[in-house]
Chemist: 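Provided herewith is a single structure, encoded as structure tokens, for subsequent inquiry.
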Amino acid sequence: MTPAKTLQHRTDGPDDAPVLVLGPALGTTWHMWDRQIPELTRNWRVLRFDLPGHGGSPAYSADSASALADRLLATLDTLGIERFGYAGCSIGGAIGIQLALAAPQRVTSLALVSSSPRFSTPDTWRQRGVVIRTNGLDPIARTTPERWFTTGFAAAQPAIVEWAVQMVRTTDPGCYIAACEALASFDAKGALGGIGVPTLVVAGAEDEATPPAEARALVAGIPDARLAIVPGASHLTPVEQPGAVTDLLIRHFTTTWQESAAGPPAPAPVIAPAPQQASAVAELESAERAALRTDAFDVGMKVRREVLGDAHVDRATEAADEFTEDFQHLVTRYVWGEVWTRTGLDRRMRSVITLTALVAGGHHDELVFHTRAALRNGLTPDEIKEVLLQTAVYCGVPAANAAFTVAQRVIREETTPEDRRGAAEDNEPHGN
């Protein structure tokens, strides 16, 4: 049994060779790297791992790239592996970025395949979670070929396409949703300059899920990174163009391993002399007060976006003017930064309470986007129905009748696999 704090893994290649870790894409297993193994294991001890709930991996979900990176490091610790090269595809690339930032002394060199400093928008991933909660993984599995492979490859390799569909279909839904949340919260744009290991960025020329422009953004942000665009490849580049990817990895890790492995340890941090005590206390007090004001607003904006969605919050803030901007600041800081962040209730329960209050007050405009928020917070359509049935008893049948009409429309929009949110949200009111 794989412990909860480690990842299911397998190793191939000589025991005394340098270690190369290969990270998978969302919805895949370590088998996505099968066609790289014969060549890579000539010179490396290759370790592959499965994400939680993928393949035969136990369903110990993790909802951040940081948590997944920590589990990988714990796995390597159990094997006595201190330093390693790392190549990751898609979410595997996000894990690699996190490793290079959080444990630079352990990563000798890095390859990011079909990766991005920020994968699409948080709303996109949370919408996918809503679809899975309602419909299961089948709709996602059925659209896998068009996201992962070029049209020509899908037509020529039906067995591989079916293998890909079945990989997604047999993934644990809760762990897939948690991985979507990890991608929703992942944003390394401002931190790329801190990556100090030799880095290769690989992109499929026809990848629509993570276009080559995202690879160029990585190269622009990571010091001395190199870029390779693979022709005739979409998102699952190691599967679609195994020879090209294998050659790129061999050249990159062969040329960077010796220098990285033999490099000097990181220097100790330089600590500046402390200022005089009186001024230090005064500055600290002022800084703390400013930080409290800033933190409450910043945390509130983060939570507001996570619950209501980027598109909605952007519309509300962009519509603010000199007359309303103070109100928007108040809502963000106090409603979202100080109430929604309290630990006494989880977000699901807060959504239940909010829906009930909005029905009771007849606030149907806000019921629209808080129904959408409830789905993001993990309520199922059946649970929302039960909440509204309860309001029929305590708030009145007419109020519940109007609420059912609103909620039914939102749920249909949100739980349909095809993305129809844009047109509906364009006309959504600018609420809180």
Chemist: Going by side chain to side chain donor-acceptor pair (under 3.5 Å), name the residues that satisfy it together with Ser351, two or more places apart in sequence or in a different chain.
Modeler: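 Partners of Ser351 under the side chain to side chain donor-acceptor pair (under 3.5 Å) test: Asn377.
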Chemist: Could you walk me through whether Ser114 and Thr237 pass the side chain to side chain donor-acceptor pair (under 3.5 Å) test, one step at a time?
Modeler: CA-CA 7 Å; Ser114 303; Thr237 313; 3.2 Å; yes
Chemist: Testing the basics here: between Ala217 and Leu192, what is the closest heavy-atom pair and its distance to 0.1 Å?
Modeler: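 Here Ala217 and Leu192 meet closest at O-CD1, 4.0 Å.
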Chemist: Just verifying a value: how many Å separate Gln408 CD and Arg412 CZ, rounded to the nearest 0.5 Å?
Modeler: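 Between atom CD of Gln408 and atom CZ of Arg412 there are 4.0 Å.
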Chemist: Within this structure, what is the CZ-CD distance for the pair Arg126 and Glu414, rounded to the nearest 0.5 Å?
Modeler: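 That separation rounds to 13.0 Å.
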Chemist: With a 4.5 Å heavy-atom cut-off, do Arg372 and His312 have their side chains touching?
Modeler: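 Arg372 vs His312: side chains apart.
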Chemist: Which atom pairs, donor and acceptor, lie under 3.5 Å between side-chain atoms of residues 84-95 and protein residues at least two apart or in another chain?
Modeler:
unit_1, atom_1, unit_2, atom_2, d
Tyr86, OH, Gly92, O, 2.7
Ser90, OG, His235, NE2, 3.1

Chemist: Determine yes or no for a side-chain-to-main-chain donor-acceptor pair under 3.5 angstrom, with Asp123 supplying the side chain and Ala311 the backbone.
Modeler: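 Checking the backbone N and O of Ala311 against the side chain of Asp123, a donor-acceptor pair under 3.5 Å is found.
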Chemist: For Glu162 and Gln166, which I'm curious about, is there any donor-acceptor pair between the side chains at under 3.5 Å?
Modeler: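 Glu162 vs Gln166: donor-acceptor pair found between side chains.
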Chemist: Does this structure show an ion pair linking Asp138 with Arg142, if we count only N-O contacts that are shorter than 4.0 Å?
Modeler: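 Salt bridge present between Asp138 and Arg142.
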Chemist: Is Asn135 reaching over with its side chain to a backbone N or O of Thr415, donor-acceptor style, under 3.5 angstrom?
Modeler: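 Such a contact is found between Asn135 side chain and Thr415 backbone.
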Chemist: Measure the shortest side-chain to side-chain distance between Ile411 and Ile384 over non-hydrogen atoms and say whether it is less than 4.5 angstrom.
Modeler: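 Counting from C-beta outward, Ile411 and Ile384 do come under 4.5 Å.
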Chemist: Taking side chain to side chain contact (heavy atoms under 4.5 Å, CB included) as the definition, give me every residue that meets it alongside Thr405, ordered by chain and number, with sequence neighbours left out.
Modeler: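 So Thr405 forms no side chain to side chain contact (heavy atoms under 4.5 Å, CB included) with any residue.
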Chemist: Using a 3.5 Å distance criterion without hydrogens, assess whether the side chain of Trp125 forms a donor-acceptor pair with backbone atoms of Phe119.
Modeler: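 Looks like yes, one N/O pair under 3.5 Å.
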Chemist: List the atom pairs, with distances to 0.1 Å, where a side-chain N or O of residues 73-80 and a protein N or O form a donor-acceptor pair under 3.5 Å, not counting sequence neighbours.
Modeler:
unit_1, atom_1, unit_2, atom_2, d
Thr75, OG1, Leu7, N, 2.8
Thr75, OG1, Arg71, O, 2.7
Asp77, OD1, Arg106, NH1, 3.0
Asp77, OD1, Arg106, NH2, 2.9
Thr78, OG1, Thr75, O, 2.5

Chemist: At their closest point, which heavy atom of Pro52 faces which heavy atom of Tyr60, and how far apart are they?
Modeler: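 In this case the closest contact between Pro52 and Tyr60 is CB-O, 3.1 Å.
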Chemist: Looking only at heavy atoms, which two atoms of Leu26 and Trp148 are closest? And how far apart?
Modeler: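 It is O-CZ2, 3.3 Å.
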Chemist: Does the distance from a Lys or Arg side-chain N to an Asp or Glu carboxylate O, for Arg305 and Asp314, drop under 4.0 Å?
Modeler: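 Yes.
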Chemist: Any ion pair linking Asp310 and Lys302 (charged N to carboxylate O, less than 4.0 Å)?
Modeler: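 Looking at Asp310 together with Lys302, the answer is no, because their closest N to O distance does not fall below 4.0 Å.
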Chemist: Roughly how far, to the nearest 0.5 Å, is the CZ atom of Arg35 from the CG atom of Leu40?
Modeler: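 Rounded to the nearest 0.5 Å, the CG-CZ separation comes out at 13.5 Å.
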Chemist: Between Pro24 and Leu51, what is the shortest heavy-atom contact and its length?
Modeler: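 Looking at all heavy atoms of both residues, the shortest contact is CG-CG, 3.9 Å.
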Chemist: Answer yes or no: is there a donor N or O on one side and an acceptor on the other, between the side chain of Glu214 and the main chain of Ser115, under 3.5 Å?
Modeler: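 Not a single qualifying donor-acceptor pair exists.
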Chemist: Considering all heavy atoms of both residues, which atom of Ser61 and which atom of Gly174 are nearest to each other, and what is their separation?
Modeler: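 The pair with the smallest heavy-atom distance is CB-O, 4.5 Å.
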Chemist: When rounded to the nearest 0.5 angstrom, what distance separates CG in Leu388 from NZ in Lys385?
Modeler: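 Leu388 atom CG to Lys385 atom NZ measures 10.5 Å (nearest 0.5 Å).
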Chemist: With rounding to the nearest 0.5 angstrom, report the OG1 to CE distance, Thr29 to Met167.
Modeler: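 That separation rounds to 5.5 Å.
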Chemist: Quick one: does any side-chain atom of Thr11 pair with a main-chain N or O of His9 as donor and acceptor, under 3.5 Å?
Modeler: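 A pair under 3.5 Å: no.
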Chemist: Please check this pair: side chain of His370 against backbone of Leu355, looking for a donor-acceptor N/O pair closer than 3.5 Å.
Modeler: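 No, the answer is negative, given that no donor and acceptor are paired below the 3.5 Å cut-off.
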Chemist: Is there a side-chain contact between Val307 and Arg347 (heavy atoms, below 4.5 Å)?
Modeler: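 Side chain of Val307 against side chain of Arg347, heavy atoms only: contact under 4.5 Å found.
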Chemist: Where the side chain of Thr124 meets the backbone of Ser120, is there a donor-acceptor pair that is under 3.5 Å apart?
Modeler: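 Side chain of Thr124 to backbone of Ser120: no pair is present.
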Chemist: Quick one: do the Glu240 and Thr150 side chains pair a donor with an acceptor below 3.5 Å?
Modeler: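 Judged by distance alone, the side chains do pair up.
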Chemist: Can you name the closest pair of heavy atoms from Phe186 and Ala65 and give their distance?
Modeler: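 Looks like CD1-CB, 3.8 Å.
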Chemist: Is atom CG of Asp346 surrounded by more than 12 heavy atoms (other residues, nucleotides or ligands) closer than 6.0 Å?
Modeler: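 Count over threshold, so yes.
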Chemist: Checking Thr143 against Arg147: is there a side-chain donor and acceptor pair closer than 3.5 Å?
Modeler: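 Yes, Thr143 and Arg147 have a side-chain donor paired with an acceptor closer than 3.5 Å.
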Chemist: Taking side chain to side chain donor-acceptor pair (under 3.5 Å) as the definition, give me every residue that meets it alongside Asp247, ordered by chain and number, with sequence neighbours left out.
Modeler: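 Expected list: none.
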Chemist: Do Arg48 and Gln36 get their side chains close enough for a donor-acceptor pair, meaning under 3.5 Å?
Modeler: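 Short answer, no.
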Chemist: Using atom types as modelled and distance alone, determine if a side-chain donor or acceptor of Asp50 lies under 3.5 Å from a backbone N or O of Trp30.
Modeler: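 It does hold such a pair.
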Chemist: At what distance, to the nearest 0.5 angstrom, does OG1 of Thr317 lie from NE2 of His329?
Modeler: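 Going from the OG1 atom of Thr317 to the NE2 atom of His329 covers 12.5 Å.
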Chemist: Check whether any side-chain heavy atom of Leu345 lies under 4.5 Å from a side-chain heavy atom of Ile353, and answer yes or no.
Modeler: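 Touching, per the 4.5 Å side-chain cut-off.
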Chemist: In chain order, what residues pass the side chain to side chain contact (heavy atoms under 4.5 Å, CB included) check against Leu101, with sequence neighbours excluded?
Modeler: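 Partners of Leu101 under the side chain to side chain contact (heavy atoms under 4.5 Å, CB included) test: Ile97, Ala191, Ile195.
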Chemist: Checking side chain to side chain contact (heavy atoms under 4.5 Å, CB included) against Val303, which of Thr332, Val339, Val335, Thr341 comes through?
Modeler: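 Only one option passes, and that is Thr341.
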Chemist: Between the side chain of Trp33 and the main-chain N/O of Gly23, is any donor-acceptor distance below 3.5 Å?
Modeler: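 Yes; at least one donor-acceptor contact below 3.5 Å.
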Chemist: Between Arg342 and Glu338, does at least one N-O distance fall below 4.0 Å, as a salt bridge requires?
Modeler: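 No, Arg342 and Glu338 are not salt-bridged.
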